[in-house]
Amino acid sequence: MTHFILRGFGLYAPEKILTNADLEKIVDTTDEWITTRTGIKQRHLAADDQAASDLALEASKQALDEAGIKPSELTHIICATFTPDSMIPSAACRLQERFGITGQMCMDVQAACSGFLYALQTARGQVCLEPDSKVLVVASEIISRRMNWEDRATCVLFGDASGAAVLTAGQPGEGPEVLDVMLAADGSLGDLLTVNGGGSAYSYKLGEPVGPEYFVEFQGREVFKHAVRNMTEISEAILERNGFVKDDVDVLLPHQANYRIIDAVGRRFNIPEERVFSNIHKYGNTSAAAIPVALTEAVHTGFIKPGDLVLIPAFGGGFTWGAALIRF
Ligand code: ACO
């Protein structure tokens, strides 16, 4: 049986911070509305000359340093993102180029906010096929480029960031072990959360301005409802599949979309607030990057302790959702 060990974690958030007070000057909103509806106080924004692979490079360097693995030793680079540098090449190929290495299998995974778990599961598959694999699993998003800054219902929620981890085979006790990952999707609900522009269903002509479809659009209440239900159900399923009960969970570390969603999932698991990790107040929703950024902070600050069983549910556009169980 293969054991999947996470060797190191890293995160990067761009220097520029946009607070709720700053947003009050851009759209008709208030710090009070944003804080009470979402828990978000600020978000980071990439500089004009930064692309997803630039953010990914910083987070990945940290994760590789912590893992004691050189970039040239990597066998695979898997990047979760819905905001890659370009349609072609992938952000993973751009990242490889930035590292100055060649030869690795490089690919992007697009599963919106569930992207990191989808990438982690893909990495586990590669480690099963080739046990000597050293897989960089990174998520990087510059959502600010896909924000309609005139739409107060969406632009207050998101931020830019990157998070990374390195996965290899190993023995239990050598480091945080990914015990299981479960994934799901329901494409019939896809229209509830979209970034349609740029896709092949939409034709563009040179010189034409882009419309609102180029940016993130969603039906917030519907997304909210499905997020809570699906994250709860898949979390129950992964615990049952691995012979655990709710009380066995030491830390709940959900996707960071809205503090009210995080709180609702925590309540359904009877997990006290102090064992639910959230950093949404600092970063907003960074989509695929949210989970590795949260994991990195939770590990580096000692929120997660050796021996903890950590449950990680995610939900995003597609709809996609999933859960991971990690024993630290
Ligand atoms: N500032 C002030 N008022 C606002 C703002 C704003 N930024 N945005 C919306 N409003 C107004 C609306 O216009 C509406 O006014 P009305 O009643 O006069 O029409 C009112 O506030 C209430 O809006 P609702 O959408 O009903 O507010 P709700 O309580 O549902 O909260 C939110 C909205 C935060 C978007 C919530 O639904 C949510 O978090 N949804 C899920 C998150 C989401 O969709 N994330 C996308 C990524 S998916 C993921 O990551 C899981």
Side-chain angles (χ1 to χ4, degrees), residues 18-43 80-83 110-118 139 141-144 146-161 163 183-187 189-196 212 215-235 252-266 268 278-281 283-294 312-323:
L18 189 74
T19 64
N20 291 349
D22 297 329
L23 271 168
E24 287 177 359
K25 294 174 202 142
I26 301 172
V27 286
D28 181 15
T29 191
T30 59
D31 171 49
E32 197 267 335
W33 193 95
I34 302 170
T35 306
T36 53
R37 301 293 173 119
T38 71
I40 300 166
K41 298 299 285 183
Q42 63 172 48
R43 66 286 296 143
T81 183
F82 82 89
T83 54
Q110 205 283 71
C113 302
S114 312
F116 185 77
L117 294 191
Y118 270 69
E141 302 281 19
I142 302 193
I143 308 174
S144 58
R146 288 295 190 140
M147 273 299 98
N148 176 351
W149 290 100
E150 293 177 11
D151 178 15
R152 67 177 182 174
T154 52
C155 76
V156 302
L157 296 179
F158 295 89
D160 304 335
L183 302 172
D186 183 353
L189 298 171
D191 286 341
L192 293 174
L193 170 51
T194 56
V195 183
N196 281 318
F215 305 101
V216 174
E217 297 182 299
F218 59 70
Q219 295 180 31
R221 284 206 176 155
E222 283 299 305
V223 178
F224 193 107
K225 206 173 63 191
H226 287 283
V228 173
R229 186 190 308 142
N230 288 314
M231 286 204 284
T232 303
E233 285 179 5
I234 204 159
S235 295
L252 178 70
L253 187 145
H255 170 55
Q256 309 282 308
N258 179 327
Y259 188 74
R260 284 158 55 216
I261 296 178
I262 296 169
D263 186 51
V265 176
R268 279 163 178 72
S278 176
N279 57 9
I280 191 160
H281 56 291
Y283 300 108
N285 181 353
T286 59
S287 191
I291 283 177
V293 165
I312 305 173
F315 184 84
F319 286 148
T320 57
W321 62 97

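Values below: every heavy atom of this structure, side chains too, minus hydrogens, waters and symmetry copies. Positions are given from 1 along the sequence. Just follow the structure's listing: the first ligand is 1, and inside any ligand the first atom is 1.
- Side-chain contact check for T286 and E141: no donor-acceptor pair (N or O, by modelled atom type) lies under 3.5 Å.
- Closest to atom 21 (O) of ligand 1, if we only count protein heavy atoms, is W33 NE1, 3.3 Å.
- The closest approach between C113 and ligand 1 falls below 4.0 Å for a heavy atom of the residue.
- There is a protein heavy atom less than 4.0 angstrom from atom 37 (O) of ligand 1.
- Nearest protein heavy-atom neighbour of atom 31 (O) of ligand 1: R260 NH1, 3.9 Å.
- Under a 4.0 Å criterion applied to the non-hydrogen atoms of T38, ligand 1 contributes the atoms 34 (C).
- Nearest to atom 12 (C) of ligand 1 among the protein's heavy atoms is R152 NH2, 4.0 Å.
- Side-chain atoms of L23 and W149, non-hydrogen and from C-beta on, do get closer than 4.5 Å to each other.
- Ranking the protein heavy atoms by distance from atom 28 (P) of ligand 1 puts R37 NH1, 3.6 Å first.
- Atom-to-atom distance recorded for T83:OG1 and Q110:CD is 9.5 Å, nearest 0.5 angstrom.
- Side chains of K41 and T19: a donor-acceptor N/O pair is absent below 3.5 angstrom, by distance only.
- Interface atoms of ligand 1 facing V223, defined by a heavy-atom separation under 4.0 Å, are 43 (C), 44 (O), 48 (S).
- Those atoms of ligand 1 with a heavy atom of V156 less than 4.0 angstrom away are 7 (N).
- In this structure, the protein non-hydrogen atom closest to atom 48 (S) of ligand 1 is L193 CD2, 3.3 Å.
- Taking every heavy atom of F158 and a limit of under 4.0 angstrom, the matching atoms of ligand 1 come to 46 (C), 47 (C).
- Looking only at heavy atoms of the protein, atom 32 (C) of ligand 1 is closest to N258 ND2, 4.4 Å.
- Rounding to the nearest 0.5 Å places CE of M147 at 7.5 Å from CG of L157.
- Residue L157 holds the heavy atom nearest to atom 35 (C) of ligand 1 of all those in T286, L157, D31.
- The closest approach between a heavy atom of H255 and any atom of ligand 1 is below 4.0 Å.
- Shown here, atom 25 (O) of ligand 1 is out of close reach of the protein: none of its heavy atoms lies under 4.0 Å off.
- Contact annotation: the side chain of V27 approaches that of C155 to within less than 4.5 Å [non-hydrogen atoms, C-beta and beyond].
- Nearest non-hydrogen protein atom to atom 40 (N) of ligand 1 is G220 O, 3.0 Å.
- Heavy-atom proximity to N285, at under 4.0 Å, picks out these atoms of ligand 1: 47 (C), 49 (C), 50 (O).
- Using a 4.5 Å heavy-atom threshold, the side chains of F215 and T154 count as separate.
- For atom 18 (O) of ligand 1, the nearest protein heavy atom lies 4.0 Å away or farther.
- For the atom pair CD of E217 and CZ of R146, the computed distance is 11.0 Å after rounding to the nearest 0.5 Å.
- Between L252 and P313 there is a side-chain heavy-atom pair separated by less than 4.5 Å.
- Listed by atom number, the atoms of ligand 1 under 4.0 Å from A257 heavy atoms are 49 (C), 50 (O), 51 (C).
- The protein heavy-atom contact nearest to atom 6 (C) of ligand 1 is T29 OG1, 3.3 Å.
- Atom-to-atom distance recorded for E24:CD and T30:OG1 is 6.0 Å, nearest 0.5 angstrom.
- Looking at heavy atoms from C-beta onward, H226 lies in side-chain contact with F319 at the 4.5 angstrom threshold.
- Those atoms of ligand 1 that come under 4.0 Å of a heavy atom in F315, given as number and element, are 49 (C), 51 (C).
- Counting heavy atoms from C-beta on, the side chains of V195 and F82 come closer than 4.5 Å.
- Proximity of V228 to R268: side-chain heavy atoms (C-beta onward) are separated by under 4.5 Å at one or more points.
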